[in-house]
Amino acid sequence: MRPPASRKPGLLPPPHAQIFEISDNESSSSSEGPSSLEVIQGLERTVDQLKQRLDEFEADRAIQQRAVASAEQREKEVNERFSSFFMAMDNQMNCQICAAKMWAPYTLACGHTFCKRCLQAWFADALERHKQSVNQFYNPQYVIPPPLRNMLSRFGAGQTPEEQRRTQYKVWGHLATVPQPAYSCPSCRAQLITRPVENFTVKYLVYTICTARGESVPADEHTPVAGNRPVDPWNTFFPSLRG
């Protein structure tokens, strides 16, 4: 075995070896926080979530817009129906002569309905022509003589149906012998011998719809009253068949 070599005089011993550790920068920084790649990936996920929520919001808004448009369309259709209904009702509620609301509608024997004021004016013209050409002293309440008037006063009071029919025949037979004004319907010109009848159906319709619209009854449309009884608007033109 060879002995170790002796160190030569004057030579220094070699320095201690220095050890350098080479490490990856990304691995060393991972312990301190997320990497740039992870941050970008997180932002991308957030953007995707926001896009999804935006799409859902747009879908909900589209549904709401369709619902609003459908509601507006239904409201428009309802308004058009109401408008058509009221236009049709106006044709039934308006007088054919003056085109005003028939607050006091009266129906003739022919079936046509007019307002009281227009019928009174129409009959007044016929009555004036009759007075000028036939009898200037004509008064419908004096057409029926007292004996027949007494029979009318007992009409229905203990009389049998046969007696009532005989009374009616006598009264109408007498009226047929007395020249009467030539009253007629303003629309169809049918001759009239009976007084108009108040049409309560049309009257109720006019009052109901016009009140709902905020309209009020004209002051001159109220029925006049004498004592405790309303004044018959047709006694000026037609004989009264009451006793």
Side-chain angles (χ1 to χ4, degrees), residues 92-207 220-243:
Q92 301 298 323
M93 297 187 302
N94 294 346
C95 177
Q96 297 180 24
I97 300 176
C98 65
K101 294 292 186 298
M102 293 188 293
W103 294 96
Y106 281 82
T107 300
L108 304 178
C110 59
H112 292 105
T113 302
F114 306 91
C115 71
K116 180 180 65 177
R117 288 181 298 177
C118 288
L119 282 179
Q120 287 177 327
W122 179 262
F123 292 156
D125 291 340
L127 179 60
E128 184 62 26
R129 290 193 299 269
H130 181 77
K131 287 182 178 181
Q132 292 178 0
S133 61
V134 181
N135 182 4
Q136 61 178 337
F137 302 106
Y138 174 82
N139 187 326
Q141 302 313 318
Y142 295 153
V143 171
I144 301 177
L148 291 179
R149 182 68 64 185
N150 291 334
M151 294 177 65
L152 287 175
S153 65
R154 298 192 303 270
F155 188 82
Q159 291 183 341
T160 63
E162 182 62 28
E163 292 175 338
Q164 293 179 10
R165 283 194 293 270
R166 284 201 299 267
T167 300
Q168 290 177 333
Y169 291 152
K170 289 181 179 180
V171 172
W172 285 111
H174 173 75
L175 292 177
T177 63
V178 179
Q180 302 291 327
Y183 299 126
S184 63
C185 171
S187 179
C188 66
R189 297 299 192 270
Q191 295 298 311
L192 304 172
I193 59 174
T194 57
R195 59 182 59 203
V197 178
E198 189 170 11
N199 192 322
F200 290 98
T201 302
V202 176
K203 185 175 183 178
Y204 175 79
L205 182 67
V206 172
Y207 272 69
D220 57 348
E221 291 292 352
H222 293 284
T223 303
V225 178
N228 295 327
R229 297 180 61 181
V231 176
D232 194 314
W234 311 114
N235 283 343
T236 306
F237 311 103
F238 296 91
S240 176
L241 299 182
R242 296 179 181 178

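As the structure is a prediction and not an experimental result, all values here were calculated from the model.
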How many angstroms lie between [atom1] in [X] and [atom2] in [Y], if you round to the nearest 0.5 Å?
X      : Y      : atom1 : atom2 : value
Cys95  : Lys116 : SG    : NZ    : 13.0 Å
Met102 : Ile97  : CE    : CD1   : 10.0 Å
Leu108 : Ser187 : CG    : OG    : 9.5 Å
Tyr204 : Asn199 : OH    : CG    : 14.0 Å
Cys115 : Gln120 : SG    : CD    : 9.0 Å

Give the C-alpha distance, both sets of side-chain angles, the deciding distance and a yes or no for side-chain contact (heavy atoms from CB on, under 4.5 Å) between Tyr183 and Arg195.
CA-CA 10 Å; Tyr183 299 126; Arg195 59 182 59 203; over 6 Å; no

Ring centers of Tyr106, Trp234 separated by less than 6.0 Å
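Judged by ring-centre distance (under 6.0 Å), Tyr106 and Trp234 do meet the cut-off.
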
Criterion side-chain contact (heavy atoms from CB on, under 4.5 Å) on Cys98 and Phe114, from CA distance to verdict
CA-CA 9 Å; Cys98 65; Phe114 306 91; over 6 Å; no

Ion pair check, Glu128 and Lys131, cut-off under 4.0 Å
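Between Lys131 and Glu128 there is no salt bridge, as every charged N stays at least 4.0 Å from the carboxylate O atoms.
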
Report yes or no: does Gln180 contribute a side-chain atom to a donor-acceptor pair with the main-chain N or O of Ile193 at less than 3.5 Å?
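No, Gln180 side chain to Ile193 backbone: no donor-acceptor pair under 3.5 Å.
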
Determine whether a donor-acceptor pair (N or O, by modelled atom type, separation under 3.5 Å) exists between the side chain of Gln141 and the backbone of Ser240.
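Side chain of Gln141 to backbone of Ser240, a donor-acceptor pair under 3.5 Å: yes, one is there.
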
Determine the interplanar angle of the Phe238 and Phe123 rings, folded into 0 to 90°, and report it as parallel if under 30°, tilted if 30 to 60°, perpendicular if over 60°.
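Phe238 vs Phe123 ring planes: perpendicular.
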
Step-by-step side-chain contact (heavy atoms from CB on, under 4.5 Å) determination, His174 to Thr177:
CA-CA 5 Å; His174 173 75; Thr177 63; 4.0 Å; yes

